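Written below as structure tokens is the structure these notes are about.
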Amino acid sequence: MLEIKNLHVKVGNHEILKGVDLTVRTGEVHSIMGPNGSGKSTLAQVLAGRETYEVTAGKVTYDGKNLLEMAPEDRAREGVFMAFQYPVEIPGVSSAYFLKAGLNAIRKHRGLEELDAVDFLELVKEKIKLLEVDERLLHRSVNEGFSGGEKKRNEIFQMLVLEPRLAIMDETDSGLDIDALKTVARGVNALRSPDRAILVITHYQRMLNYIVPDAVHVLVDGRIVKSGGKELAHELEAKGYGWVEAQARAAAPAKA
Amino acid sequence: MNAVAQQTNLYLEAFAQFEKATAGDGGAWLHPIRRAAIARFADLGFPTPRDEDWRFTNVAPIAGTAFRLAGEGGAVPGPEALTPFAFAGIACHRLVFVNGRYVPGLSAPGSLPAGVRVGSLAEALRADRGLLEPHLTRYADYHHDAFSALNTAFLADGAFVRIPRGQVVEAPIHLLYVSTGAKVPLVTHPRNLLVADEDSQATIVEDYVSLGEGVAFSNVVTELVVGESAVVSHYLIEREGRQAFNVSTLRSQQGRSSSVASHTVLLGGALVRNNVHPVLAGEGGDCLVNGLYLATGRQHMDNYMKVEHMGPHCGSRQFYHGILDGQSRGVFHGRIIVHKGAQKTDAKQTNRNLLLSEQAQIDTKPQLEIYADDVKCTHGATIGQINPEAIFYLRSRGIAEAAARALLLFAFAGESLQRMKVEPIREHLERLVRRWLPHGDVLEDAR
């Protein structure tokens, strides 16, 4: 479903991703772990279509299409969703209007009928319960005045409504208490299905207790330096990132 | 002699004729004031950018145009031409003025509570000197402001509204000023006197529109006198054509514990100057000064606020939002004057602007003059572009870029519009704003 090959990404003169390779098949859940500054969020943002990043080399194929050539809204309509690490506050735009506009744009693209206000509310009420989000949130401005936890839950709520095929969680777990983390994980697991893929980007292993990944990759200094099963996450939790970074440094001259 | 001075002479000549023409009518008691006003105008002349209050607005296009004073008996449009200007879903008490003159045939004052007056000032000048004299020309400063001086000199028609003590007028009073356009540039001097006595309530809308092309100059002065505990909402809608000049002054005088909301939406006109000048004279008064200006092309919109706190324990809040596109230019000049004795004043001022093009320009200037020592005054201004992070966020959820921009602009404008509490008026204005916004059509079902 998602194939990343030799992806190089720059911001200004600073190269952040230095040749990322990653393949995620339909139905799989992959986790990308790594120390701060390793390029995790950059990878998520580039997949979602953020234009402030410059792709200097490499290819990203999504469902056989060249993802990097698509506008952010087209990626969303094709089923790509990123849960933002820092969701943006948008005063004056109600959550309900925003989400309905997004959902209907996606439905239209998929050849489905657009939902009217009544059907839309029915749909979202069902999803909102799962995340223990206050229904009144729908009538508030998008993310405005939300607590950190509310913002993260709101991202997952949007994800459940938009039903993406490829969901990317950008450090959705950071700053969440254990209860909120469980709620978020419940939302993500509800989305898990054989025709979807999920990419969980995180610094910590804790969320992976609740969203059990099929594969774990370690991103260090813009490269994936180690891949393994879910037990790799536990190893990182126990030993920290120091040893993989050391391994990566040792391996780097050989590569060069 | 330069061009500006020549056109000044034109006003002086027109005044001589105007004085002769109005000599016999019932408003002759005003002549000494009119004469004093034209003398002040002759002394002052039109302001120039050297004048601190006009630093960012050059009125040369007005001063240099040979306007003719619009007279009575011009062509009057049919009622169907006015349909687009009506607020759907509410029956207003409506007065229509065509080129500055009241037209009874197009007006529908409707049924009003006992003692309430909603009619033309021309008629009141003839018959109600007693009601007018205590207020008319007492508040708007024609001694220092050339445009108010001109308006006062040519004072002849406009709206006269009076709400007696304790009366509530529920439906809005809609004052519609229509410029029909003519072969020669026309000037009108609408003069409105709005008096809300103690404990009364009303909503009054001044609405300036154009039918047809043509250079027109509306030089408006409105005196709004608000008695103790009275509650008044005032709306100013400027939606004239792109060849129109509009200089409008709202001068409100507020009594004890009164509450006034002034809402302004500027969409039309070539050069617009919007003066809002509330004076909180009594103790415990409150005023909201809320506005939205949307300019594009070569439009110039100048908002000059002068909020005067005289009584203690008064609150004032100014919120002005501007969106500027094309080569347009916006001005926000927000003065707050807290006089000695206006203790416990709570004054707030916010001006926010979005620039949509490289050539658009905004000058924003707060000016606080505080002569009391126990007060709270805050001000803030921002100038920026649409937040690219917010656009990306919307696009990442499937919303097209053009729609995302329109949505964010409408939300920005919406902050001003949401303060306007009369729903049919707000919805009407929301439609106008959506129509103005680039790609605003995608928002047609926004609410």
Side-chain angles (χ1 to χ4, degrees), chain A residues 44-45 47-53 70-110 114 116-117 139 141-144 151 154-155 157-159 161-164 168 170, chain B residues 265 290-292 294 319-323 350-354 380 382 384-420 426-427 429-430 433-434 437 439-447:
Chain A
Q45 303 258 346
L47 294 178
R50 181 62 144 254
E51 281 151 354
T52 45
Y53 296 92
M70 293 160 74
E73 58 269 36
D74 292 330
R75 299 181 197 203
R77 292 168 190 183
E78 287 285 337
V80 177
F81 180 97
M82 177 181 71
F84 281 59
Q85 184 180 5
Y86 303 111
V88 185
E89 297 196 7
I90 307 182
V93 178
S94 84
S95 290
Y97 180 80
F98 156 69
L99 199 49
K100 182 164 157 277
L103 178 63
N104 278 335
I106 291 169
R107 288 179 66 94
K108 204 172 156 186
H109 181 77
R110 293 180 185 165
E114 294 181 44
D116 63 19
H139 305 290
S141 292
V142 178
N143 292 319
E144 194 185 32
K151 282 182 184 169
N154 188 30
E155 291 293 291
F157 163 61
Q158 290 175 26
M159 184 180 82
V161 172
L162 300 180
E163 299 184 319
I168 304 156
D170 186 7
Chain B
V265 176
N290 177 43
L292 176 66
L294 307 179
F319 301 103
Y320 260 66
H321 279 200
I323 303 178
T350 308
N351 172 229
R352 293 177 59 204
N353 298 283
L354 288 179
T382 62
Q385 280 83 36
I386 312 175
N387 179 5
E389 309 261 326
I391 292 177
F392 178 63
Y393 191 71
L394 294 169
R395 293 178 74 189
S396 79
R397 299 302 183 245
I399 299 170
E401 186 177 7
R405 283 180 187 280
L407 190 54
L408 292 173
L409 288 175
F410 188 72
F412 178 81
E415 286 182 51
S416 302
L417 296 169
Q418 270 161 29
R419 294 192 189 94
M420 304 175 186
R426 189 184 62 240
E427 284 172 357
L429 292 169
E430 284 173 350
V433 169
R434 279 201 292 272
L437 291 175
H439 303 285
D441 52 321
V442 299
L443 304 172
E444 214 49 66
D445 61 344
R447 273 141 210 277

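Just so it is clear, the model here is predicted, and its values are computed rather than measured. A, B, ... follow the sequence lines: proteins, then strands. Residue 1 opens every chain.
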Cut-off 4.5 Å, heavy atoms of chain B, and the answer for A/E51 is side chain
So for A/Q158, is it side chain, backbone, both, or neither that comes closer than 4.5 Å to the heavy atoms of chain B? side chain
Would you say B/R395's side chain and A/E73's backbone share a donor-acceptor pair under 3.5 angstrom? no
Side chain / backbone / both / neither for A/N143 at chain B, heavy atoms under 4.5 Å: side chain
Between OG of B/S396 and CD1 of A/I168, what distance do you get to the nearest 0.5 Å? 10.0 Å
Taking A/S94, A/G102, A/P72 one by one, which has the highest count of heavy-atom pairs under 4.5 Å against chain B? A/P72
Please determine whether side chain to side chain contact (heavy atoms under 4.5 Å, CB included) holds for the pair B/F392 and A/T52, giving the CA-CA distance in whole Å, both sets of side-chain angles, and the decisive distance to 0.1 Å. CA-CA 10 Å; B/F392 178 63; A/T52 45; over 6 Å; no
Is it the side chain or the backbone of A/P87 that comes within 4.5 Å of chain B heavy atoms, both, or neither? both
Should we say atom NE2 of B/H439 is surrounded by more than 12 heavy atoms from elsewhere, each under 6.0 Å from it? no
I'd like to know which of A/E155, A/K108, A/H109 tops the heavy-atom pair count under 4.5 Å against chain B. A/E155
Can you find a pair of side-chain heavy atoms, one from B/L394 and one from A/I90, that are under 4.5 Å apart? yes
Fit a plane to each ring of A/F84 and B/Y393, take the angle between them on a 0 to 90° scale, and name the class: parallel (under 30°), tilted (30 to 60°) or perpendicular (over 60°). perpendicular
Part of A/R50 lying under 4.5 Å from any heavy atom of chain B: both
Measuring heavy-atom distances to chain A, does B/E389 have an atom under 4.5 Å in its side chain, in its backbone, in both, or in neither? both
Flag this pair as yes if the NZ/CZ of B/R397 is under 6.0 angstrom from the six-membered ring centre of A/F98 and inside a 45 degree cone about the axis; otherwise no. no
Do you know the tightest heavy-atom contact between A/A76 and B/G398? CB-N, 3.3 Å
